[in-house]
Amino acid sequence: MTALRNILLRREAGILVMIILFCLAVGTQKPQFLTLDSLRIILLLTPLILIGAMGQMLVVVARHVDLSIGSMLGFSAMVTGMMFKFHPEIWWPVGFLVSIGTGALLGLINGLLVTLFRLPAIIVTLGTLNLYRGLTYIVSNAKQIDRQYVPTALKSMSQTSPIFGIPWIIFISFGVALLTYIFVMHTRVGRQIFALGSNPVAAPLRGVAVTRVTLLVFSISGALSGLAGILYAGRWGFVNPSNTGSGFEFQVIAAVVIGGVSINGGVGTVLGTILGVLLLGCVAAALPLLGIPGTTQSAIYGAVILIALLIDRTVRQQGIKSLTRARA
Amino acid sequence: MTDTTPLISARGISKNFASIEVLRDVDLDLQRGEIHALLGENGAGKSTFAKILAGVHRPSRGTITLNGQPVDILNPIVAQKLGITLIHQEPISFPDLSVAENLVLGRGDGGWFARVPWSEMTRNARALMDLLGVRIDVTRPMRGLSIADQQMVEIARALASDSRLIIMDEPTAPLTPKEVETLFGIARRLRDEGRTIIFISHRLEEVRALCDRVTIFRDGNKIATDTIGNLTDADIIRLMIGRPLKEFRHKARAEIGDVALKVEGLTLPGVFHDISFEVRKGEIVGLGGLVGAGRTDVARAIFGVAPATSGTVTVAGKGVTITEPAQAIDLGLAFVPEDRAAAGIFRTLSVEENISAAIPKQIAPTGFIRRTVEKALAQESVRKLSIKLASPRQPIGELSGGNQQKAILARWLLTNPSVLILDEPTRGIDIGVKAEFYDMIGDLAASGRAILLISSELPELLALCDRILVMSEGRLTADIPRDQATQETIMSAAVPRTARSGVAA
Amino acid sequence: MLKKTLLAGLAIGVAMVTTAYAADPIKIVYIGKNTGNPYFDSITGGFEDACKSLGCEFEFVAPATAEATSQIPFIEAQIQRGVNVIAIAPNSPDALNQVLDGAKAKGILVLTVNGDLVGNETHRDATILPVDFTKTGPNQVELMGSMIGYKGDIAILSATTEAPDQNTWIAAMNDTLKNDAKYKDMHLVATVYGDDQPEKSTTEMEALLSNYPNLVGVIAPTTVGIAAAAQVIQSRNLAATVHVTGLGLPSEMRDFVKDGTVSAFQLWSPYNEGWLAAHFAVGVIGGTIKNEVGGTFDVPNLGTITIADKNAMNTQAELTTFDAKNIDDFDF
Amino acid sequence: MSAIQTPATRELPPARPRWQVIVVRPETMTLVLLIAALFGASLLSPYFLDVGYILRSFTLSAEFAIVALVLTMVIIAGEIDLSPAANMALSACLFAFAQQAGVPMPLAIAIGLFAGLVMGAINGIMVIALQIPSIIVTIGTLTLYRGLAQVIAGDKSIRVPDWFIGINTVLIAGIPLTVLIFIVMSIILGVVLSMTIFGRQIYQIGTNEVAARHAGIRSQRIKMSLFLLMGVVSAAAGLMTASRLGSVRYDLGLGGELQMVLMAMLGGTYIFGGRGTILGTFLAAWLLVIVSTGMTVANVPPSVQLVVQGVLLIVSIIATNFIYSRTQR
């Protein structure tokens, strides 16, 4: 075990400790928070965020950021919902392909803008955030897809369970996390993403196809937003052109930053990100239980993001210190 | 067999960067099983040539054949596949990836979704590190490794790549003599296996110890290729600089006056320790040493860019604390930084704005900029230093390196400094302009200014300085008067102490 | 060349402005809270049909978000277009005062439809609300009572803490529960707010179930809230023990009614709001209806409408109750 | 020394013709777009071309436009601030809350402005002292500030006194006061940026902060003052919005950061710092207002407007990057 791994481990352990302390603190006020039932509530709150966070993690590790995920989620869900509505004869699982494909295409557009024109991702995705949202209104003619058009089988994915009473949607989200883990740890391109974020200047010299890796990363972010999109339709039973996915980016970025993915690229783990998502889920589930008004949620998220940034900063400074020590 | 066919045969290689030709019609054959040195001054084109072979740059003209087959080395990946590996001058690393991963990254085997063989990778990495005699835990990230260790990883990477041609661009600069010896041993073994090595270095003794043949570059031209035994050191230097060394010796002797800058016990933990010296009016004091010895850090500390944690600085007899450059400037200090692009110029701003950057109070006493004053000052500087430009309103990035450097010098002369710190002032500058700089530095000293000159080029130090300080591993190791200074005395003080004891043993 | 075209464009523009003001048919615009809100499709339908029969021009516009100030540029633009009637579902009870005053000053008839400027009624001419909102609370309590046998702990899942309509209804529910002996065994244990967001409404609903294990009923007088509450009940299979009702759209609730999760819920006809508003506006401008408190007028299909206090009028007296028997008769 | 010849005759590229320097600028692009938008809008709707209406419509964006001027300076200095719209909301909420609680108006206004200053200081400290990238810091503070506004005001709107209402309806020489403030601010900041040493140093920091520090420019001080200015001006804009609306809610100015960034970008401010002008942002503000007003009055659905805004943002950065890469290396 080496120094940085130790820090990272500490970092993940740190989030875990925070989660446990938080849960215990809430538990002293509301003992029912410490039951399996509330674990189920927390897990049901987080699958979409978890899926989005996996994509965002890859983007951030590659030293970019994707603000358009909420709009990509909305657009993909809308396209899929319209397919369900106007072509109910199509077998419903095809919706997954449509939604993921649509998302991947939108993500690819982000990636192309970032790579072809060498634009900062933050500005590009701020633009496409609006662009995709506007397109969602246009394709849907500003009409919501109602509950009756969403296939029952899809809706029941967030209720029925293959095993242990845990709904499908949770399996899917953790399945995505597992695949992401295998992808980043055990494939060459996964490691190249880390190399790219760790040293973008050197990456092409070491045979990292920067353009293609960047495109891939943004496409994955889009595809996962698309997956979150169809699951949204199933989870909530409707697709709305204005609500669906709006604000998703803030929750996801908060989770990723809290999970210890470094905004300077190159650093991030699937486990940390999962824990970041769970911490947010715990907060979201605990507030109503404690009777704290929902209006404070945004402020709490903001504060948690800033605290995570400060921690990130401290860890980074330790890294720099150890570097100077080693040189001495 | 085809042993007589060269491994690499380059013909008519030329390279332009933005209308400036940095390499002109270079023909060069590299044989199998030779260690071939490329020599030349900074900017002579040897690194550019190496980078063309490694696919980092593409030649503007010319052809390269490998084993008699014409090849187009599009990019570093293609070079890697062809069996060509470049060890960069500055080690390239991915600080967040493990040492083992850094070793294999960029090897062309397997597709995108090929598995990463962690355990095999770690095993191989350990074996390589043992071979090089470096004790590094290969599972730890690169971040935190010393420059020397990073360089050893870089070398290990080239070994692991199983390349036919390994290009080493100044690999020994950060290494201890012991590490250099290990490296040379490995290089010789690779040669005996029939591989080809290109060795780029400034150190003639290393070239002599290791290489079979040398090629000398000057100003983008290949001047000569010969067996090392056929050339004396004097021959090589003459070929490299195109004239005898002596001409550079700066003749104008200034009156040496009072102490202008005095530094005592300056320390920045982990970077430099207990640095004490003084520079007098009219004196040029050199500061030599290996790359990474902490010379630039001392200059940055004095100037307040990255202040020291302890120690005192005295300017013109008064003790001062300098926490940011603005204070240093007010005290009459000036600092021409080493990295012109990063710390010197404002690339997209006009030459005028660049020249007037350090004198806000002169050009804008009320806060509003007086354009006429600024213009007049800039024009005068342009004339005095004969800066070649189309218009003072032109972005400075459009000028050549030498003229950019003159503009930076002009910026500092306008502050009328009593102490000038020059950090590698002639790096990347044409030889003609370099001579002008030497004259200017001499004149500045003659006008009563104290000058601290940091340089890695020993001839430059020897030619200009009244006294030469040498740093090694963050400490001052020598203070050599002009008449005792030779390349040998400087180098022996620059070599790290731990290593020297090793050599002695 | 360009200049000439520009000048020509200007000339045409000026000419059209002058003619537009003189144009004959009454122009009505309805400004919704935001686009993509299915509720407003139905209101818009009422407007459109009424305008077809009355021979007026109608347009629906809405900002992208339901934020307080987002309607202002739309109102400004409609004033500039010279419409005769601005009907609006206001996103804020007070942020629109200035711009609505500007519209009134230009002689435009300003109506609020399906939501009012509570406390700032002087800044509009009249309001069209679906039902007498004082009856919503008692109606909902009665429906809840009938579902749970008038006995047990109940809770309210509302929208936002400051939504004026919601607060009127909740106050009335509290009042009814306290003062009507019929409901003496029903105890309101909590009122929570889901901010009209599905995620938040769901967590609030889950928290209710968790905090109050004896809960037998939840009233959610908001379309987002009732759907979220129903979904929680459905996924936990609690339909037999916890009864959900409230105000919902048939199109969103149909599934829950059919599978028995929700046995009944209520709403009114949004369509009739548009229908009434258009008839009222045309009547006022044509001089056939006097916009004064106590006045009455007839509207096809709705009968006689009375202008109540604060120039308010309703499309129907009581809420419509939807259940498995009649839900398929409604398509909004 | 003259004996040594430089073998390579390195020719200097010729200086660009003066007309090219003047014409090939992003501001020119903005001006052309502005004229095109005026023309297009008047074709789109006959009701559009009315100076009074355009000015009235401008008052709806004037607060954002004023902040965008300062944001331009922040971006030129190589930083960004995404939190000003949230700052507007929190300052206005604090102001409204204070005056409702009985604090005298002048003091309430002072509280609002001071809150803005503090928010600017928080951003500045995190960016400058802790060296966290400003884009990430301000995404965090954007969430925090707006969240705090929501905590303070809940969902309710707080009324402000009647006499305080209507800054946008005060006309001076036929121009609404807020628009006039915008114009005056443009002139002042334009002069500061182009003619003072402070402005000059902002460009130098944005071009190369390391070099600026080496040249004795106190970059941290300048950046901090920009963040503070940003905070105060945002707060002032928040109060102006409160005066225009007559009430304050936590969602005041929601999404305004995009409008502001869009104004700066459309005006040719270079996202990587070092380049841009107040004139550009000034023109871009009018461009945006005319585009959105033209579309609104023509009853173009807001969805299309979102698309147009998104496309404008992306196209403007591409064009700006292109122009800069062509005219200056």
Original post:
Do D:I197 and B:K361 come close enough that some side-chain heavy atom pair is under 4.5 Å?
Top reply: no

**OP:** Give, as side chain, backbone, both or neither, the part of B:P337 having an atom under 4.5 angstrom from any heavy atom of chain D.
**Re:** side chain

**OP:** Would you mind checking which part of B:I329 comes under 4.5 Å of any heavy atom in chain D, side chain (CB onward), backbone (N, CA, C, O), both or neither?
**Re:** side chain

Subject >> CD on D:Q204 to OG1 on B:T348, rounded to 0.5 Å >> reply: 10.5 Å

Subject >> When B:R370, B:Q327, B:E353, B:R371 are compared by non-hydrogen pairs under 4.5 Å with chain D, the top option >> reply: B:E353

Subject >> Atom group of B:A342 that falls short of 4.5 Å from chain D, counting heavy atoms >> reply: backbone

Original post:
What part of D:Q220 gets closer than 4.5 Å to chain B, counting heavy atoms only: side chain, backbone, both or neither?
Top reply: neither

Original post:
Of the non-hydrogen atoms in D:H214 and B:P325, which two are nearest, and what is the gap between them?
Top reply: O-CB, 4.2 Å

Original post:
Counting only heavy atoms not in B:M440, do more than 12 fall under 6.0 Å of its CE?
Top reply: yes

Subject >> Structural part of B:A334 lying under 4.5 Å from a heavy atom of chain D >> reply: neither

Subject >> Top contributor to chain D contacts, counting heavy-atom pairs under 4.5 Å, from B:S356, B:A326, B:A343 >> reply: B:A343

Subject >> Residue B:F368 versus chain D: region with a heavy atom under 4.5 Å >> reply: both

Original post:
Given a strict heavy-atom distance threshold of 4.5 Å, which part of B:I359 is in contact with chain D: side chain, backbone, both, or neither?
Top reply: neither

**OP:** May I ask you to test the D:N208-B:R347 pair for a side-chain heavy-atom distance under 4.5 Å?
**Re:** no

Original post:
Taking every heavy-atom pair that is under 4.5 Å apart, which of B:G367, B:A341, B:A358, B:A364 has the most such pairs with chain D?
Top reply: B:G367

Original post:
D:G199, D:A211, D:G216: which one forms the most heavy-atom pairs within less than 4.5 Å of chain B?
Top reply: D:A211

Original post:
Should D:R200 and B:I363 be marked as a side-chain contact (heavy atoms from CB on, under 4.5 Å) after you check the CA-CA gap, both sets of side-chain angles, and the distance that decides it?
Top reply: CA-CA 11 Å; D:R200 165 75 63 84; B:I363 59 163; 4.2 Å; yes

Subject >> Contact origin within B:F346 toward chain D - heavy atom pairs under 4.5 Å >> reply: both

